[in-house]
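Chain letters run A, B, ... following the sequence lines, proteins first and then strands; every chain starts at 1. Everything numeric here is computed off the predicted structure, so don't read it as measured data.
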Amino acid sequence: MLGYLTRRLIQSALILLGVSFITFLLLYVLPADPVRQIAGRSATAQTVENIRHQLGLDQPLMVQYWRYLTGLVQGDMGRSYLQKTEVSTLIAARLPASLLLMAGGIACELLIGLTLGIVAAVFRGRPLDQGLMVTSFVAVSAPQFVVGLLLLYVFAVQLGWFPIGGYGTFAHLVLPAVTLGIMGSGWYSRMMRSSMVEVLRQDYIRTARAKGLTRGRVLLRHALPNAILPIIAMIGIDIGIFMGGIVVVESVFGWPGIGQLAWQAIQRVDIPIIMGVTMVSATAIVLGNLLADLITPFIDPRIKLR
Amino acid sequence: MADTAASLPPTAPASALRRLLRRKLALFGLAIIVLVVGGAVCAPWIAPFAPDEQLFDGLTLFGEPLPPGGQFLMGTDLLGRDLFTRMLYGARTSLIIGVAANGVALVIGTLVGVLAGFRRGWLGALLMRFTDLMMAFPALLLAICLAAIFQPSLWIVAMVIALVNWVQTARVVYTETTSLAEREFVAAEKTLGASQARILFRHILPHLVPTLIVWGTLGISVTVLLEATLSFLGVGVQPPTPSWGNIIFENQTYFQAAPWLVFIPGAAILLLALAFNLVGDALRDVLDPTQRGND
């Protein structure tokens with residue numbers, strides 16, 4: 001176990017190293033010149049050169065990358081070009097909002113997805129089951145920005161139940177979290193359904209029923225815990241999908257998280273911020289995958305980590 | 001049992017098609033695809049106006065867009081252009097990008113997956129490590145960065161999406177190829193002295209075809225959604241070229257007053273992605289014998 005953990009941690013570190021290099025390379029070849037953005041249109045050639053030298057942007061790629069990397073391992077992500085603040089400070093200020101949104105999204109997708117999956121499995125083969133499975137396809141085919149705008153239009157503009165955008169109270173969280181969770185709820189309902197159908201076929205379920213237990217009790221006490229476990233391991237993998245989703249959802253709802261930070265940075269060619277958010281997202285994705293692998297043997301003791 | 005089923009030639013296309021057409025949901029999906037393809041191909045003949053034409057009577061006296069109905073089937077947009085016309089031409093964008101981006105992603109993914117699965121050793125290991133690395137990238141963030149780096153044109157957007165999307169295919173093809181390479185019929189061919197190329201092209205690739213058809217179909221829905229998202233954020237296909245995503249991008253500031261400008265293209269994106277998902281899912285049931293009987 002310890003050997004496995006060490007190997008996976010080294011592997012994860014190498015993956016993050018690769019991600020940092022590729023992102024750096026991509027941003028290095030960016031045709032839009034960040035120095036021009038900082039200096040403004042009226043700057044003289046001398047000023048532009050001075051700023052370029054100050055930021056170290058006139059040095060060769062590998063020198064710049066090495067400097068970034070040595071900073072990064074010490075927790076220094078550099079300074080924003082335009083906001084004149086440490087990138088780590090900017091991200092730290094925005095991260096809680098994004099984590100809250102993601103927690104809300106996970107809660108929504110599990111709540112909706114698992115419930116629908118269980119209902120579908122119980123009514124297997126009947127019209128309700130078929131209807132729910134079509135619904136799950138609609139959920140995974142719906143573009144998040146359209147879902148977001150639709151929820152905004154119906155529940156905020158027309159009905160006035162929720163605020164139109166912003167951040168602060170629980171009411172602000174509901175619509176963005178549902179928007180983020182709907183796509184995943186489609187996948188979860190399908191996985192939950194097949195997991196539940198599989199479990200309901202097992203002998204011990206028949207035994208439990210034969211013993212005279214009620215249908216509801218068998219379902220909740222015997223089938224559900226076994227069916228739900230393999231699904232739990234998937235949450236770690238979701239993080240990657242959510243990291244993309246928050247860019248869209250935060251932009252639709254004006255949610256002040258790292259997705260919006262990244263989006264504004266891309267538009268203004270603020271490279272240190274883009275780098276920083278990419279690294280934070282990649283770290284979250286790698287940790288999520290690692291977590292998913294690590295909890296699998298606890299859920300199913302037949303699986304041994306190698 | 002599983003081995004004998006797998007060593008038989010892939011399901012005959014004619015019977016697979018017949019079984020596909022018996023499924024109502026697949027038929028519904030196919031109908032939508034045919035409708036959208038038809039609309040896109042025949043756009044110049046069906047469309048009542050030119051896509052960029054700012055119509056003289058396309059706005060109210062106060063300069064507001066017109067709601068659906070009357071002279072304009074789906075209403076007009078903020079610039080007084082006919083929405084129905086722009087939807088038809090936008091379908092071209094969605095389909096071209098959906099098919100091209102997904103086609104390229106499928107080719108890259110298959111190449112990487114087959115190479116890594118068939119030729120283990122350092123090349124295979126290297127390719128799979130690279131795939132792992134790509135999995136750790138936040139896909140949408142990467143696509144946005146790439147689209148911002150290159151000036152986004154139709155084909156650039158398609159290539160950006162392809163570069164982000166080949167990873168899943170590569171992993172599926174890799175798993176499938178490694179399990180095929182260990183099957184008895186491949187071992188038998190090797191014993192008979194068949195060349196690597198013969199094993200690859202005659203025995204492994206044909207068995208991958210059903211998987212590729214299924215992933216190819218499901219993948220189009222992913223690319224359609226990704227294109228729409230990029231265009232919605234303003235880094236996808238650039239106006240005035242209409243795309244369902246950038247129609248929403250152009251008009252979203254006004255969506256409280258003119259919701260049809262957001263929800264008509266939104267519904268179109270959803271329906272097209274849904275159609276490819278339904279057909280892809282039905283194809284999986286029809287083409288993959290191990291999946292049958294699960295319902």
Side-chain angles (χ1 to χ4, degrees), chain A residues 11-12 14-19 22-23 26-27 29-32 124-125 129-130 133-134 137-138 140-147 149-150 152-153 157 164 183 194 197-198 240-248 251-252 259 262-263 266-267 269 274 277-278 280-286 289, chain B residues 24-25 28-29 129-130 132-151 164 218 221-222 224-229 231-235 244-245 248-249 252 255-257 259 262-263 265-278 280-281 294-295:
Chain A
Q11 216 177 10
S12 305
L14 285 177
I15 286 179
L16 289 177
L17 188 70
V19 169
I22 292 182
T23 318
L26 281 176
L27 296 175
V29 300
L30 202 75
R124 187 158 75 99
D129 172 28
Q130 287 155 0
M133 285 305 104
V134 175
F137 267 122
V138 175
V140 301
S141 312
Q144 276 173 325
F145 58 95
V146 175
V147 174
L149 290 171
L150 184 68
L152 260 184
Y153 185 72
V157 177
I164 287 185
M183 188 176 270
S194 57
V197 164
E198 190 62 40
I241 302 162
F242 276 163
M243 279 298 166
I246 57 170
V247 179
V248 177
S251 135
V252 170
W263 175 226
I266 289 170
Q267 286 168 316
V269 209
I274 307 177
V277 176
T278 310
V280 168
S281 311
T283 311
I285 293 171
V286 167
N289 287 341
Chain B
K24 280 194 201 103
L25 285 175
F28 173 72
R129 287 295 84 76
F130 185 62
D132 287 345
L133 204 162
M134 289 298 293
M135 291 285 283
F137 259 108
L140 188 65
L141 216 54
L142 179 65
I144 295 173
C145 275
L146 284 171
I149 289 173
F150 305 105
Q151 293 301 317
V164 175
L218 292 173
S221 122
V222 177
V224 165
L225 287 178
L226 198 52
E227 181 275 322
T229 305
S231 296
F232 165 74
L233 289 172
V235 290
W244 292 346
I248 300 179
F249 167 69
Q252 63 161 325
F255 95 96
Q256 294 187 24
V262 166
F263 295 127
I269 299 165
L270 190 153
L271 276 176
L272 190 60
L274 177 65
F276 281 108
N277 266 333
L278 288 175
D281 186 65
N294 269 1
D295 292 309

With respect to chain B, which residue among V19(A), I164(A), I266(A), V157(A) yields the maximal number of heavy-atom pairs within a distance under 4.5 Å? V19(A)
Turns out that what part of L133(B) lies under 4.5 Å from chain A's heavy atoms comes down to both
Does any heavy atom of chain A fall under 4.5 Å from the side chain of M134(B), the backbone, both, or neither of them? neither
Residues forming a side chain to side chain donor-acceptor pair (under 3.5 Å) with S221(B), sequence neighbours excluded: N277(B)
Can you tell me how far CE of M243(A) sits from CG of L142(B), rounded to the nearest 0.5 angstrom? 15.0 Å
Ring pair (Phe, Tyr, Trp, His ring centres under 6.0 Å) filter on Y153(A), not counting sequence neighbours, yields F263(B)
Quick one: closest heavy-atom pair of S141(A) and A273(B), and the distance? O-CB, 3.6 Å
With a 4.5 angstrom heavy-atom cut-off, which part of Q11(A) approaches chain B: side chain, backbone, both or neither? side chain
If you count heavy-atom pairs within less than 4.5 Å of chain B, which of V247(A), V146(A), V286(A), L149(A) leads? L149(A)
Note: P143(A) and I269(B) closest approach over all heavy atoms is CG-CG2, 3.5 Å
What part of T278(A) lies closer than 4.5 angstrom to a heavy atom of chain B: side chain, backbone, both or neither? both
In short, L225(B) meets A142(A) closest at the heavy-atom pair CD2-C, 4.3 Å
At a 4.5 Å cut-off on heavy atoms, which part of V140(A) comes close to chain B: side chain, backbone, both, or neither? both
With a 4.5 angstrom heavy-atom cut-off, could you sort out which part of L271(B) is near chain A: side chain, backbone, both or neither? neither
If you tally heavy-atom pairs under 4.5 Å against chain A, which of V262(B), L278(B), T229(B), V224(B) wins? T229(B)
Pick one of side chain, backbone, both or neither for A262(A), based on which atoms fall under 4.5 Å of a heavy atom in chain B. side chain
At a 4.5 Å cut-off on heavy atoms, which part of F276(B) comes close to chain A: side chain, backbone, both, or neither? neither
Side chain, backbone, both or neither of L274(B) within contact of chain A (heavy atoms, under 4.5 Å): both
Heavy-atom distances under 4.5 Å only: say whether I285(A) touches chain B with side chain, backbone, both or neither. side chain
Interface check, chain B: of N289(A), L150(A), V248(A), most non-hydrogen pairs under 4.5 Å belong to L150(A)
In sequence, state the C-alpha distance, the side-chain angles, and the governing distance for F137(B) and T23(A), and then conclude on side-chain contact (heavy atoms from CB on, under 4.5 Å). CA-CA 9 Å; F137(B) 259 108; T23(A) 318; 3.4 Å; yes
Atom pair CG/OG of L140(B) and S281(A) - distance to nearest 0.5 Å: 10.5 Å
